[in-house]
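Below, each value reflects all heavy atoms present in this structure, side chains not excepted, and no hydrogens, waters or symmetry copies.
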Amino acid sequence: VQLQASGGGLVQAGGSLRLSCVASGDTFSRSLMAWFRQAPGKERDCVAAIQWSGITTYYSDSVKGRFTIFRDNAKNTVYLQMNSLTPEDTAVYYCAAVETRAPVGVGTRYTSDNWYDDWGQGTLVTVSS
């Protein structure tokens with residue numbers, strides 16, 4: 001599946017952004033979707049993930065309570081609503097997909113980028129202080 005991420009930009013600390021990732025093909029509704037981010041000099045980390053049905057989700061501790069991942073299977077789109085942004089959220093954000101009906105959560109394999117098959121091109125989020 002091909003993924004196209006968008007919605008990044010420059011925002012002041014405390015502000016909000018919504019990222020979108022549109023998937024092509026017919027596997028989206030069967031895929032677990034995730035958002036990763038990579039800041040300069042740092043590893044790529046999963047910030048949020050959502051099961052194909054939306055029933056289970058995962059958030060990293062650094063974004064819990066501020067970010068929300070949700071999906072619209074009819075539109076082949078996954079979103080990341082980011083609120084109360086801080087300069088530490090500055091990074092390139094990537095959406096990723098893996099075709100599985102498995103749940104996602106703390107301690108499950110799908111918090112690691114090793115398990116994802118398809119990646120979007122990344123969208124840059126810059127938060128100014």
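- I55 and V104 end up in different hydrophobic clusters when Ile, Leu, Val, Met, Phe, Trp and Tyr side chains are linked at under 4.5 Å.
- A heavy-atom distance below 4.5 Å is not found between the side chains of M33 and V98.
- No more than 12 heavy atoms of other residues, nucleotides or ligands sit less than 6.0 Å from atom CD of Q2.
- Taking the side chain as every heavy atom from C-beta outward, L19 and T123 approach each other to under 4.5 Å.
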> Which is it for F67 and L80 under the side-chain contact (heavy atoms from CB on, under 4.5 Å) test, yes or no, and what are the steps along the way?
Replying inline: CA-CA 7 Å; F67 290 12; L80 185 68; 4.1 Å; yes
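- Cation-pi contact between R44 and W119: present, with separation from the ring centre below 6.0 Å and deviation from the ring axis of at most 45°.
- Here the OG atom belonging to S128 is positioned 5.0 Å from the CD atom belonging to Q12, to the nearest 0.5 angstrom.
- By the 6.0 Å and 45° rule, R30 does not stack over the aromatic ring of W52.
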> D72 and T77: side chain to side chain donor-acceptor pair (under 3.5 Å), yes or no, with the steps?
Replying inline: CA-CA 5 Å; D72 185 338; T77 303; over 6 Å; no
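- From D117, atom CG reaches atom OG of S31 across 8.5 Å, with rounding to the nearest 0.5 Å.
- For Y94 and F36, the ring centers sit 6.0 Å or farther from each other.
- Side-chain contact between V125 and T90 is absent, with no heavy-atom pair separated by less than 4.5 Å.
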>> With side-chain contact (heavy atoms from CB on, under 4.5 Å) as the criterion, how do Y93 and M82 come out once you've worked through the C-alpha distance, each side chain's angles and the decisive distance to 0.1 Å?
In response: CA-CA 12 Å; Y93 284 71; M82 306 186 294; 3.9 Å; yes
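- No donor-acceptor pair under 3.5 Å is formed between the side chain of S112 and the backbone N or O of R109.
- With rounding to the nearest 0.5 Å, the separation of OG in S20 from NZ in K75 is 9.5 Å.
- Hydrophobic clustering of Ile, Leu, Val, Met, Phe, Trp and Tyr side chains at less than 4.5 Å, counting indirect connections, keeps I50 apart from Y116.
- Inter-residue side-chain proximity for V63 and R37 is flagged as met; some heavy-atom pair is nearer than 4.5 Å.
- A distance of 8.5 Å separates CG of N73 from OG of S53, quoted to the nearest 0.5 Å.
- Because its NZ or CZ atom is both nearer than 6.0 Å to the ring centre of F28 and within 45° of the ring axis, R71 counts as a cation-pi partner of that residue.
- Under the 4.5 Å side-chain criterion, counting only non-hydrogen atoms from C-beta, Q38 is not in contact with E43.
- Considering only heavy atoms from C-beta on, R101 stays 4.5 Å or farther from L32 through its side chain.
- Shortest non-hydrogen contact noted between D89 and S84 is OD2-O, 4.3 Å.
- Neither Y58 nor V78 shares a network with the other; the hydrophobic side chains, linked directly or stepwise wherever heavy atoms of I, L, V, M, F, W or Y lie under 4.5 Å apart, form separate groups for each.
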>> As a quick check of understanding, evaluate side-chain contact (heavy atoms from CB on, under 4.5 Å) for Y59 and T68, giving each step before the final call.
In response: CA-CA 8 Å; Y59 296 96; T68 302; 3.8 Å; yes
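- Residues A13 and S129 come closest through the heavy atom pair CB-CA, 4.3 Å.
- Using cut-offs of 30° and 60° for the angle between ring planes, the W115 and Y110 rings count as perpendicular.
- The shortest distance between side-chain heavy atoms of S24 and V1 falls below 4.5 Å.
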>> Set out, in order, the CA-CA distance, both residues' side-chain angles and the distance that settles side chain to side chain donor-acceptor pair (under 3.5 Å) for Q51 and T56, then state yes or no.
In response: CA-CA 5 Å; Q51 191 179 8; T56 61; 2.8 Å; yes
>> Before you tell me yes or no, could you show the steps for V127 and E88 under side-chain contact (heavy atoms from CB on, under 4.5 Å), namely the whole-Å CA-CA distance, both residues' side-chain angles and the distance that decides it to 0.1 Å?
In response: CA-CA 8 Å; V127 185; E88 288 69 37; over 6 Å; no
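- Remark: the Y79 side chain and the R18 side chain contain no N/O donor-acceptor pair separated by less than 3.5 Å.
- Contact check for I69 versus W35: side-chain heavy atoms found under the 4.5 Å cut-off.
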